[in-house]
Amino acid sequence: MRVGEIVKVSGTVVFGRGIPDIEVGEVVEVGEEKLIGEVIRVFEEDFAAQVYEPTSGLKVGDPISGTGKKLVAELGPGLLMNIFDGIGRPLEDLIKLSGPFISRGIKAYMLPRNIKWEFKPTVKAGVEVGPGDVVGEVQETPYLVHKIMIPPFMRGVLKEIYEGEFKVDEPIGIIEIDGEDKKLYMYHEWPVKIARPVQEGGRLPLTTPLITGQRVIDVLFPVAKGGAACIPGGFGTGKTVTLHQLAKWSDTDVVVYIGCGERGNEMAEVLTEFPELQDPRSGRPLMERTVLIANTSNMPVSAREASVYIGITIAEYYRDMGYDVSLMADSTSRWAEAIREISGRLGEMPVERGFPAYLPDKIAEFYERAGRVKVLGRPDRIGSVTVVGAVSPPGGDFNEPVTTHTLRFTGVFWALDADLAYSRHFPSIHWLKSYSLYADSIIQGYVEKAVENNPRLREIWPNVLEEYPRYRVEAMNILTNASEVESIAKIIGEKALPDDQRLLLLTNELIKEGLLRQNAFDPVDSYSEPERSVLILKAIIDFHRMAEKLVRENVPIDRIIESPIVSRIKRIKLDDRKFDAVVELLRDIRDNLSSIAEEYRVSITF
Amino acid sequence: MGLPIKLSDLEGKVYRGIREIRGSLVVLDPIPGVVFDEIIRIRAPDGIDRLGRVIEVSRDFVIAQVFGDESGLQHDSIVKFTGSTFEIPVSPDVVGRMFNGRFEPIDGLPKISSRDTRDINGNPINPRAREYPNDFIQTGISAIDGMLSLVRGQKLPIFSESGLPHNRVAAQVARQATILGREESFALVFAAMGLKHDEASYFISQFRESGAIDRSVVILNLADDPAIERLITPRIALTIAEYLAFEQDYHVLTILTDMTNYCEALREISAAREEVPGRGGYPGYMYSDLATIYERAGIVKGKKGSLTQMPILTMPGGDKRHPIPDLTGYITEGQIILSRDLHSRGIYPPINVLPSLSRLMRSGIGPDKTRDDHKELSDQLYDAYSRGVKARDLARIVGEMGLSDRERLFLKFADLFEKRFINQGEYENRTIEETLDIGWEVLSILPPEELTRVRESTIEKYYYKAKAAFEGIEK
Ligand SMILES: Nc1ncnc2c1ncn2[C@@H]1O[C@H](COP(=O)(O)OP(=O)(O)OP(=O)(O)O)[C@@H](O)[C@H]1O
Ligand SMILES: [Mg+2]
């Protein structure tokens, strides 16, 4: 241990002196209480460290010692169902050590040391093993098999491998490296700021949709597995609820949820809800696939940065097992602000709204860790990390550094709109401002999934695979055209518009109400199965096409607006018969509009 | 801790001379053993003692921030280092007492004497130890109970503007949410930052009238008290609130007013330290700083009490995007926004429910808590009201005659909703049943096909009955 002394304390940043070989990134222990910190700058004589705990009580001359280690995450069984603070301490352990309020200087291992895991080897002793090779399995939760892999930096001959129950710090085998015997454990440490390696040239194109059960996302602005999405919005516009929805319903194997600089009660909500909710695919409690990281807004600012890196490292680790992982970070703005605050304390030159010049690099590095890849080691595996980052722009104005830089490095933009939120249209993802760069390559996968889930979809809509993309585009066009009509209606009133334009407004309303609006807290509608979403889209577009014909034949639009089918379409998503209700609706739309046609003696067949 | 203290009362080092005075910051020579964040007392030649706090220590200097009046400070002052952070004594005896912004009694009674002390910065609640709040608090105000329900352990601020009746609304909540007898262990903690004398006496007389004063702790930093002291006043209040909630089993409602004055003090300090200013000159860390105040609300597993916060702030320029309301909204669990437009039309309380929000509402309402129709009803009221307001905006351009029949109906609904549902007496205490029934009454002027945010079964159960009743009233 190399010990120096403190020369200056300025808030969360402490300056030390007397450890000539100290490095940036090295973890230090600060003061008598051995508070945890990380070196962030090394100057000629002094060095600066950010401290992950409150610094009150520190004084000039107090010891500060280098640990020789970087900030690492412990990777092994015991991460799932757990909740950690920003530097990887299990919150449960902190309660045991200091009660319901977090005090300083507490040390705790990231992975539980008391649990025995049933380890089943999948290889025999004597084989040569290298980075990423799977050597055995542990049933971490009933939901997920944890693959035990050779750490990325290790290569050698597996001399012994055991079977049975082990704690993470008990060896499960012996590996000979360069003639030297080393113990092999179920876990290893990884420096969180460094991306875990994958196969060379192993980045794969993004071709599969992440199915979220949120219609506005799945139908209009889908995200690909391995992609990155940005969801900015002013306060109260629905970032957290959307991220919670994704964490609940996405078809991924593992979810890493980071609460970074946000509310304690929101983490408590996840902790109360997730054990109760079932994953729609496996029927298991959602918590069994979830890892939580909570660095709430009142916890030390410097740990916000660490929380984001710990989260992404855990996500990469499960990806390396060959799983699809999604990571939600709420909110990346708080992380960026932590960077700004530390930079300010170091006296660095700000470039944009107080942020340092390296902000875009940090953001890029983070989102670059998303992807779909061929992972290291045998057997061959493909895994993915999808990253969704919330952004909290000051004043709700997207023209600010964190939003604009994040958009450069992400493929999906879900723009939350305050006006929609005020009228309680949720999710308040604005259909004209948002985009998805992945849509063209993944919507086919979405409709295929819908057919696979419920083959009846094909009976009801035989050409669904070919027609769905066109229906989707038609919906987008209606939304765009209606917005122009709306701005005219704002000046002259809706009444003064010609009937075809009023129909456009009607269908616009049906798309908004029937398809896009989705109450996260409604038991029937919280998750919308792909087949249901696809069919609701069909119902609305079919309605529009038929009504268009009627209007062209001079059937007054008011007659159509008054028809009870309109409110049926708006309410369809609340019907607990789900898919079947939409099937029935399709028939009723046709019947209803046919009878209107008859009433006006126009001969059209739909 | 009451003043005047004798310097000799305190343990610690005494030191003479201030190197530099920069507004409320003082620079001292480096003194061995001075710790970051420790509390100092400075006695200037005028004989007055002032509190201060060490905000930076280094080999070359010590910087401290002075809370008291800085005008009489001189280089030739005596500085006493206490060696500890800002702590206050706590005891059940604080209930029913009144203090100034530094926790010195102003009610003529002796200071709180207790060996039991707490650091006013508190420690963060471990998120794992939080109980998710879901106990409905009936405030008797329809706009809040029906549309923005408050639950125990929530932090729900009022965003107002000068000249609007936020004090009356807050006092009404405090009066009605705390009905005697129903909740024995209820306590009110009231903290004023830079409040005018007449405002402070309004609150106190309200607490007296309702009898809440005996269960209150009042902490007053008034408009003519030192501005910098406002940085510690809310922390003292919350330390007491936490003590009462989590150690003495009280359900505590904490009113913090006006947070705008607090933020201005924060800006002043930041400017004195020559920090890079953020938006509006407020420091970049204001979000984190405010969070250390607002996040001290909640319920802790295994504890009987709860800490509910209702901060009040006036939005500079009436602008919700101003950094103070903006950063507050990013931390709190919703916001109640008062509107000048409603106020000028004589609606009390002038709560504009559309931009307002209670994030914890859904957990506190429903079948076993308020009523089975509450969620759907409030959803429908929001929807219809926002359509009505849109129609009203349109009517301003095209005239009422230019509206379609449907738009005209929604406009009529918006007027009725404001007059009957939102509007109520300052001393009118509506039960939640009454509130929800009025909600259905005003909805009943719309045809059932328009109520697409409620299930058909809910319409069957409540709509027709309300329609009949309301038509009776109209006649
Ligand atoms: N999909 C949804 N369905 C129903 N209600 C929603 C939905 N999304 C958001 N809301 C409502 O909006 C409120 C605010 O949403 P949320 O907490 O997600 O906002 P936020 O953008 O995360 O705000 P902040 O930046 O302050 O954290 C929720 O409490 C809920 O009432
Ligand atoms: Mg949020």
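Chain letters run A, B, ... following the sequence lines, proteins first, then strands; residues in each count from 1.
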Problem set entry | Nearest-0.5 Å distance that lies between atom CG in A:Asp419 and atom CG in B:Leu354 | 10.0 Å

For this session: Determine whether A:Glu513 and B:Arg453 make a side-chain contact, defined as any pair of heavy atoms from C-beta on separated by less than 4.5 Å.
Result: yes

For this session: Would you give the length of the straight line joining atom NZ of A:Lys96 to atom CZ of B:Arg128, rounded to the nearest 0.5 angstrom?
Result: 9.5 Å

For this session: Could you pull out the closest heavy-atom pair between A:Ile491 and B:Ile397, with the gap in Å?
Result: O-CG2, 3.9 Å

Exercise. Any chance NZ of B:Lys304 has more than 12 other-residue heavy atoms, nucleotides or ligands included, within less than 6.0 Å?
Worked result: no

Problem set entry | Nearest heavy-atom neighbours spanning B:Asp379 and A:Asn519 | OD2-ND2, 3.8 Å

For this session: Under 4.5 Å, counting heavy-atom pairs only, tell me which of A:Gly396, A:Ser10, A:Pro564 racks up the most with chain B.
Result: A:Ser10

Exercise. Between CD of B:Glu56 and CZ of A:Arg345, what distance do you get to the nearest 0.5 Å?
Worked result: 8.0 Å

Exercise. Checking B:Arg359 against A:Phe235: charged group under 6.0 Å from the ring centre and within 45 degrees of the axis?
Worked result: no

Exercise. How about B:Ser386 and A:Tyr422: do any of their side-chain heavy atoms sit closer than 4.5 Å?
Worked result: no

Problem set entry | Top contributor to chain B contacts, counting heavy-atom pairs under 4.5 Å, from A:Arg353, A:Glu262, A:Met267 | A:Glu262

For this session: Evaluate side chain to side chain contact (heavy atoms under 4.5 Å, CB included) for A:Phe521 paired with B:Lys375, printing each intermediate quantity in order.
Result: CA-CA 10 Å; A:Phe521 309 106; B:Lys375 279 181 204 180; over 6 Å; no

Seminar exercise, completed: Looking only at A:Gly395, A:Gly61, A:Ala421, A:Gly261, the option with the highest number of non-hydrogen pairs under 4.5 Å against chain B is A:Gly395

Problem set entry | Option in A:Ser331, A:Gly493, A:Ala268 with maximal non-hydrogen atom pairs under 4.5 Å from chain B | A:Ala268

Exercise. Taking atom CD of B:Glu456 as the centre, does the number of heavy atoms from other residues, nucleotides or ligands within less than 6.0 Å exceed 12?
Worked result: no

Exercise. In Å, rounded to the nearest 0.5 Å, how long is the span from CD1 of B:Ile331 to CG of A:Asn298?
Worked result: 9.5 Å

Seminar exercise, completed: Rounded to the nearest 0.5 angstrom, the CZ-OH distance for A:Arg424 and B:Tyr385 is 11.5 Å

Problem set entry | Pairwise side-chain contact, B:Arg455 with A:Val524, heavy-atom cut-off 4.5 Å (strictly under) | yes

Exercise. Taking the side chain as C-beta and beyond, is there a heavy-atom pair between A:Arg263 and B:Glu295 under 4.5 Å?
Worked result: yes

Exercise. Between A:Asp522 and chain B, which part of the residue has a heavy atom less than 4.5 Å away: side chain, backbone, both or neither?
Worked result: side chain

Seminar exercise, completed: Among B:Ser288, B:Pro283, B:Gly153, the residue with the most heavy-atom pairs under 4.5 Å to chain A is B:Ser288

Problem set entry | Name of the residue among A:Glu509, A:Glu562, A:Glu494 meeting salt bridge (Lys or Arg N to Asp or Glu O under 4.0 Å) with B:Arg406 | A:Glu509

Problem set entry | Residue pair A:Arg517, B:Thr452: steps toward the side chain to side chain contact (heavy atoms under 4.5 Å, CB included) verdict | CA-CA 12 Å; A:Arg517 221 178 75 88; B:Thr452 52; over 6 Å; no

Exercise. Out of curiosity, A:Asn265 CG to B:Ile299 CD1, how far, rounded to the nearest 0.5 Å?
Worked result: 8.0 Å

